[in-house]
Asker: 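Submitted below is the structure of interest, expressed as structure tokens.
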Amino acid sequence: MEQNTHVHVLEDGTVVEHPHTHDHSHHHPHTHQNTKAVLNRLSRAIGHLESVRRMVEEGRDCTEVLTQLSAVTSALNNTGKVILHDHINHCIVDAVEQGDQQALEDLNKAIDRFIK
């Protein structure tokens, strides 16, 4: 079994870490068709967020900052949707075929966190 540390950053900036144990004899490899698109979207969102930070440092108008921050939030939410669709189409389909109830429970928890 392989163990990795999984890190989450909550909305308030709190960092939560927990171990993830992977038993590759029971799970499929974690590959998705949209990984490159997701990485590109994340890179664009990171660049956009950096520009918002610069706007704040420069004392730009608050309404402009809020508008740009809203755009970053929307981009991140859309990226999350792409990840969710990929996960359902690959991981969850495999989990259902293998009778992996834990994967379905994990998906429900992830959806609850994502949709808050």
Side-chain angles (χ1 to χ4, degrees):
M1 273 194 220
E2 178 185 320
Q3 184 166 325
N4 294 327
T5 300
H6 196 92
V7 178
H8 300 275
V9 180
L10 305 180
E11 285 181 35
D12 65 0
T14 305
V15 177
V16 178
E17 294 185 36
H18 60 90
H20 266 207
T21 303
H22 300 286
D23 180 348
H24 294 292
S25 65
H26 293 100
H27 296 287
H28 59 92
H30 211 79
T31 57
H32 300 284
Q33 68 185 40
N34 290 315
T35 299
K36 187 173 174 60
V38 166
L39 292 173
N40 288 339
R41 284 169 176 255
L42 289 172
S43 292
R44 281 194 304 272
I46 289 167
H48 197 163
L49 188 57
E50 284 293 328
S51 71
V52 173
R53 185 176 58 81
R54 281 192 301 279
M55 290 174 71
V56 171
E57 288 172 345
E58 295 166 2
R60 298 275 293 274
D61 180 70
C62 292
T63 56
E64 290 179 39
V65 172
L66 288 170
T67 299
Q68 293 305 312
L69 195 55
S70 175
V72 173
T73 301
S74 178
L76 290 175
N77 284 333
N78 288 332
T79 303
K81 290 177 190 175
V82 171
I83 293 169
L84 185 57
H85 284 271
D86 244 8
H87 184 60
I88 289 169
N89 290 329
H90 295 92
C91 304
I92 298 305
V93 168
D94 290 348
V96 168
E97 288 172 355
Q98 296 173 16
D100 183 354
Q101 201 60 35
Q102 185 62 48
L104 298 176
E105 290 173 23
D106 291 346
L107 172 63
N108 283 326
K109 289 176 188 170
I111 290 172
D112 287 344
R113 288 187 198 111
F114 180 66
I115 293 182
K116 269 188 184 175

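Basis for what follows: all heavy atoms, side chains included, without hydrogens, waters or symmetry-related copies.
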Asker: Does S74 reach the main-chain N or O of S70 with its side chain, forming a donor-acceptor pair under 3.5 Å?
Answerer: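 Checked: no pair found.
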Asker: Looking at residues at least two apart in the chain, or sitting in another chain, which of them share a side-chain contact (heavy atoms from CB on, under 4.5 Å) with L42?
Answerer: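 L42 satisfies side-chain contact (heavy atoms from CB on, under 4.5 Å) with V38, L76, T79 only.
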Asker: Out of curiosity, K81 NZ to N77 CG, how far, rounded to the nearest 0.5 Å?
Answerer: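 Atom-to-atom, K81:NZ and N77:CG are 6.5 Å apart.
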Asker: Tell me whether V96 is reachable from L107 by hopping between hydrophobic residues (I, L, V, M, F, W, Y) whose side-chain heavy atoms are closer than 4.5 Å.
Answerer: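 Cluster IDs for L107 and V96 match.
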Asker: Consider side chain to side chain contact (heavy atoms under 4.5 Å, CB included). Of I92, I115, I111, which one does L84 pass it with?
Answerer: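 Going through the options one by one, the only one that passes is I111.
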Asker: Can you tell me how far the CD1 atom of I83 sits from the CD1 atom of I88, to the nearest 0.5 Å?
Answerer: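 With rounding to 0.5 Å, CD1 (I83) is 12.0 Å from CD1 (I88).
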Asker: State the CE-CG distance between M55 and L69, to the nearest 0.5 angstrom.
Answerer: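 CG of L69 is found 9.5 Å from CE of M55.
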Asker: Quick check for you: to the nearest 0.5 Å, what is the distance between R41 atom CZ and K36 atom NZ?
Answerer: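 Rounded to the nearest 0.5 Å, the CZ-NZ separation comes to 14.0 Å.
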Asker: With rounding to the nearest 0.5 angstrom, report the OG1 to CG distance, T35 to D86.
Answerer: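 Those atoms lie 6.5 Å apart.
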Asker: Could you report the tightest heavy-atom contact between V72 and L49, atom names first, then the distance?
Answerer: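 Shortest heavy-atom separation between V72 and L49 comes out as CG2-N, 3.9 Å.
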Asker: Check side-chain contact (heavy atoms from CB on, under 4.5 Å) between S51 and all other residues, then give those that pass, not counting sequence neighbours.
Answerer: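 Checked S51 against side-chain contact (heavy atoms from CB on, under 4.5 Å); matches are H48, R54.
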Asker: Decide, yes or no, whether a salt bridge links E105 with K109 under the criterion of side-chain N to carboxylate O below 4.0 Å.
Answerer: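 Looking at K109 together with E105, the answer is no, because their closest N to O distance does not fall below 4.0 Å.
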